[in-house]
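Reading through the structure tokens given below for one structure.
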Amino acid sequence: PMIIRKRSVALWMWLLIVPLLFLPGTIHSEQRNPVQKLDLARFKKIVAADGHFLLVFMAAWCAPCIKELPDLNALHARYRASGLKMVGVSVDFDGPAAMQPIVDRLKVDFPIFWLGEEALEAYGISGIPLLIFIRNGLEVEKVVGLHSKAFFADKIETFLMKP
């Protein structure tokens with residue numbers, strides 16, 4: 001009788017625990033797009049390159065930042081073939097790990113970097129969400145606050161029209 005009980009307990013555990021491994025967001029969550037720690041100097045070199053960059057400054061504790069991420073992600077998918085290089089910047093004090101669960105949950109597909117507190121001063125950040133449009137290494141415009149997808153689409157289309 002004791003052997004049968006051990007087997008049935010083992011069988012029940014197998015039947016209950018193994019399926020959990022295949023549920024999203026459980027034991028084996030994978031990062032599709034890791035938030036990378038990067039120093040400010042290297043980041044500035046990336047965005048100083050020729051092209052159209054849209055810097056998206058955000059934080060995990062910022063509800064408007066999180067709310068606009070799905071729209072920005074969709075706009076990235078729509079305009080990247082036209083030359084838009086969207087780059088996220090986490091300004092969380094807790095490092096890259098703070099933003100990672102949100103990036104995973106929302107399936108954000110543009111690169112996101114964590115630069116630390118020095119990004120706040122370097123880019124003159126007084127509020128977030130903040131988008132900075134950079135063309136060929138030069139800042140063109142800053143947009144602070146939560147806006148509609150249509151507003152951002154218009155901004156991006158105008159931005160991409162100029163070489």
Side-chain angles (χ1 to χ4, degrees), residues 23-26 28-163:
L23 292 175
T26 58
H28 82 292
S29 125
E30 69 179 58
Q31 295 176 352
R32 292 175 2 134
N33 182 14
V35 177
Q36 302 170 49
K37 183 177 180 179
L38 195 63
D39 66 75
L40 187 60
R42 284 185 52 212
F43 181 77
K44 283 187 167 191
K45 283 181 186 175
I46 291 170
V47 299
D50 286 346
H52 295 80
F53 287 87
L54 178 52
L55 308 185
V56 179
F57 288 85
M58 66 188 88
W61 48 263
C62 170
C65 299
I66 307 313
K67 185 174 181 176
E68 76 179 11
L69 268 177
D71 288 344
L72 291 171
N73 203 40
L75 291 169
H76 173 250
R78 180 173 164 191
Y79 291 107
R80 71 175 152 217
S82 301
L84 180 68
K85 298 171 187 151
M86 192 175 292
V87 179
V89 179
S90 167
V91 295
D92 286 289
F93 295 118
D94 296 335
M99 196 69 196
Q100 191 65 61
I102 295 161
V103 170
D104 293 343
R105 180 171 45 88
L106 297 177
K107 296 177 174 52
V108 176
D109 66 352
F110 54 89
I112 298 182
F113 299 101
W114 180 81
L115 305 178
E117 293 177 42
E118 59 187 339
L120 299 172
E121 189 176 321
Y123 285 95
I125 299 171
S126 59
I128 55 172
L130 169 69
L131 272 60
I132 300 178
F133 292 82
I134 296 179
R135 184 182 302 113
N136 300 324
L138 301 173
E139 185 178 308
V140 174
E141 183 178 5
K142 280 186 180 180
V143 178
V144 180
L146 178 64
H147 296 280
S148 70
K149 186 176 180 181
F151 173 87
F152 286 133
D154 287 344
K155 288 279 185 197
I156 290 169
E157 286 177 14
T158 302
F159 176 60
L160 290 173
M161 285 199 238
K162 296 179 183 168

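Being a predicted model, the structure only gives us computed values, none of them experimental. We're numbering straight along the sequence, starting at 1.
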Least distance between heavy atoms, [X] atom then [Y] atom:
| X | Y | answer |
| --- | --- | --- |
| F57 | V91 | CD2-CG1, 4.0 Å |
| K85 | G51 | NZ-CA, 3.9 Å |
| S82 | L160 | CB-CD1, 4.0 Å |
| Y123 | K142 | O-NZ, 2.7 Å |
| E68 | P129 | OE2-CB, 3.1 Å |
| M99 | S90 | CB-OG, 3.9 Å |

| Does a side-chain heavy-atom distance below 4.5 Å link V47 with I132? |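 Not in contact.
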| task | Apply the test side chain to side chain contact (heavy atoms under 4.5 Å, CB included) to residues L69 and R105: give CA-CA distance (whole Å), side-chain angles for both, the deciding distance (0.1 Å), then the verdict. | result | CA-CA 11 Å; L69 268 177; R105 180 171 45 88; over 6 Å; no
| request: Starting from the C-alpha separation in whole Å, work towards a yes-or-no answer on side chain to side chain contact (heavy atoms under 4.5 Å, CB included) for L106 and N73. | output: CA-CA 9 Å; L106 297 177; N73 203 40; over 6 Å; no
| request: Check the pair R80 / D109 against side chain to side chain contact (heavy atoms under 4.5 Å, CB included), numbers first and verdict last. | output: CA-CA 11 Å; R80 71 175 152 217; D109 66 352; 3.2 Å; yes
Please report the interatomic distance [atom1]([X]) to [atom2]([Y]), rounded to the nearest 0.5 Å.
| X | Y | atom1 | atom2 | result |
| --- | --- | --- | --- | --- |
| N33 | I112 | CG | CD1 | 6.0 Å |
| L54 | K155 | CG | NZ | 11.5 Å |
| F93 | L120 | CZ | CG | 5.5 Å |
| Q36 | L115 | CD | CG | 11.0 Å |
| I46 | I134 | CD1 | CD1 | 11.5 Å |
| N136 | K162 | CG | NZ | 12.5 Å |

| query | For V140, which residues count as a side chain to side chain contact (heavy atoms under 4.5 Å, CB included) partner, sequence neighbours excluded? | reply |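 So V140 forms a side chain to side chain contact (heavy atoms under 4.5 Å, CB included) with F133, R135, F159.
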| said: Test your reading of the model: is there a side-chain donor-acceptor pair from W114 to the backbone of D92, 3.5 Å cut-off? | reply: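 Such a contact is found between W114 side chain and D92 backbone.
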